[in-house]
K.L.:
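First the structure, which I've put down as structure tokens, then a few questions once you've had a look.
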Amino acid sequence: MYLIGDQPPYAEKLINTLQRIPEQLLAGLEPCAAPISLQAVDDLYSLIGNRNLYLLKSGLLHALIDDKPLFYMQEGDLIGLRQGLNTAPCVYMSEEPLVLVPYDRESLFRHIHASNDRQEQFTQYILGQAALMSDALARSKPVEVRPVTGFQ
């Protein structure tokens with residue numbers, strides 16, 4: 001995942017670290033179906049549904065919330081973690097071909113919970129993405145200036 005717009009100096013290092021985690025999480029777990037190859041898509045989930053999680057093997061996905069582009073998902077990212085939550089719907093679109101490897105959601109989480117190391121890696125992955133998002137939010141919000149008022 002990487003963010004649209006300016007990124008702080010630490011972001012590239014964090015993004016590179018996060019990109020390696022999904023492959024490590026998935027080691028030893030078989031995909032639930034053959035890889036899915038798609039051409040350009042306007043709404044990924046309208047084509048593939050939201051039951052599974054997907055490893056983005058190749059391509060670039062634009063993530064939009066309320067039609068506003070917020071971030072990109074790139075090769076190595078795990079797609080679908082937001083699905084099923086009561087959050088603003090995230091639409092993934094792409095202008096280029098994609099290859100997605102599907103994993104059964106329940107099997108993936110059982111696989112993660114079977115190992116303390118994978119639990120730690122998953123926690124780092126989620127916290128790292130949350131840190132990137134909160135940094136992006138902080139950078140997108142203008143600084144409020146409040147005048148200092150005196151006593152009467």
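Computed from a predicted model, the values in this text were never measured in an experiment. Below, each value reflects all heavy atoms present in this structure, side chains not excepted, and no hydrogens, waters or symmetry copies.
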K.L.:
Let's go through H62 and V91 carefully: what are the C-alpha distance in whole Å and the side-chain angles of both, what is the deciding distance for side chain to side chain contact (heavy atoms under 4.5 Å, CB included) to 0.1 Å, and is it a yes or a no?
P.N.:
CA-CA 8 Å; H62 305 257; V91 174; over 6 Å; no
K.L.:
How far does CD of E120 sit from OH of Y125, to the nearest 0.5 angstrom?
P.N.:
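It comes to 15.5 Å.
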K.L.:
Could you point out which residue of L25, I79, D77, V101 forms a side chain to side chain contact (heavy atoms under 4.5 Å, CB included) with L55?
P.N.:
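Going through L25, I79, D77, V101 one by one, the side chain to side chain contact (heavy atoms under 4.5 Å, CB included) with L55 is satisfied by V101 alone.
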K.L.:
Looking at CD1 of I21 and CG of L26, how far apart are the two atoms once the value is rounded to the nearest 0.5 Å?
P.N.:
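Result: 11.5 Å between the selected atoms.
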K.L.:
For G80 versus Y45, what's the shortest heavy-atom pair and its separation?
P.N.:
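Taking every non-hydrogen atom into account, CA-OH, 2.9 Å.
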K.L.:
Which residues satisfy the side-chain contact (heavy atoms from CB on, under 4.5 Å) test with D42, sequence neighbours excluded?
P.N.:
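side-chain contact (heavy atoms from CB on, under 4.5 Å) list for D42, sorted by chain: empty.
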K.L.:
Is there a donor-acceptor pair closer than 3.5 Å between any side-chain N or O of S107 and the backbone N or O of D104?
P.N.:
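It does not hold such a pair.
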K.L.:
Any chain of hydrophobic side-chain contacts (each under 4.5 Å) joining I126 to L14?
P.N.:
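Yes, it is one cluster - the side chains of I126 and L14 are joined through contacts under 4.5 Å.
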K.L.:
Y92, I48: one ILVMFWY side-chain cluster at the under-4.5 Å cut-off?
P.N.:
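As far as the 4.5 Å side-chain criterion goes, I48 and Y92 are connected within one cluster.
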K.L.:
Atom CZ of F122 and atom CZ of R118: how far apart are they, to the nearest 0.5 Å?
P.N.:
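F122 atom CZ to R118 atom CZ measures 12.5 Å (nearest 0.5 Å).
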K.L.:
Locate the shortest heavy-atom distance separating C32 from Y103; write the atom from each residue and the value.
P.N.:
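Nearest heavy atoms, C32 then Y103: SG-C, 3.8 Å.
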K.L.:
Which Ile, Leu, Val, Met, Phe, Trp or Tyr residues join L64 in one cluster when any pair of side-chain heavy atoms under 4.5 Å counts as a link?
P.N.:
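Answer for L64: M93.
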K.L.:
Could you check whether atom CD of Q124 has more than 12 heavy atoms from other residues, nucleotides or ligands sitting under 6.0 Å from it?
P.N.:
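More than 12 heavy atoms, drawn from other residues, nucleotides or ligands, come within 6.0 Å of this atom.
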K.L.:
Of all heavy-atom pairs between L56 and M73, which one has the smallest distance, and what is that distance?
P.N.:
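Looks like CD2-O, 3.5 Å.
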K.L.:
I need the minimum non-hydrogen distance between V99 and P35, along with the two atoms involved.
P.N.:
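Looking at all heavy atoms of both residues, the shortest contact is CG1-CB, 4.1 Å.
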K.L.:
Enter the distance from F109:CZ to Q119:CD here, rounded to the nearest 0.5 Å.
P.N.:
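It comes to 12.0 Å.
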K.L.:
Scan for side chain to side chain donor-acceptor pair (under 3.5 Å) pairs involving residues 21-41, sequence neighbours excluded, and state none if there are none.
P.N.:
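Listed once each, the pairs are E23-K57, Q24-Q121.
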K.L.:
What closest approach, in Å, do R20 and N16 show between heavy atoms, and which atom pair accounts for it?
P.N.:
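Closest heavy-atom pair between R20 and N16: NH1-O, 3.3 Å.
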K.L.:
So which atom in L108 and which in L53 form the shortest heavy-atom distance, rounded to 0.1 Å?
P.N.:
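That would be CD2-CD1, 3.0 Å.
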K.L.:
Once you round to the nearest 0.5 Å, how far does CG of L61 lie from SG of C90?
P.N.:
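Between L61 CG and C90 SG, I get 9.5 Å after rounding to 0.5 Å.
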K.L.:
Supply the atom-to-atom distance L44 CG to S94 OG, rounded to the nearest 0.5 angstrom.
P.N.:
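These two atoms lie 8.5 Å from each other.
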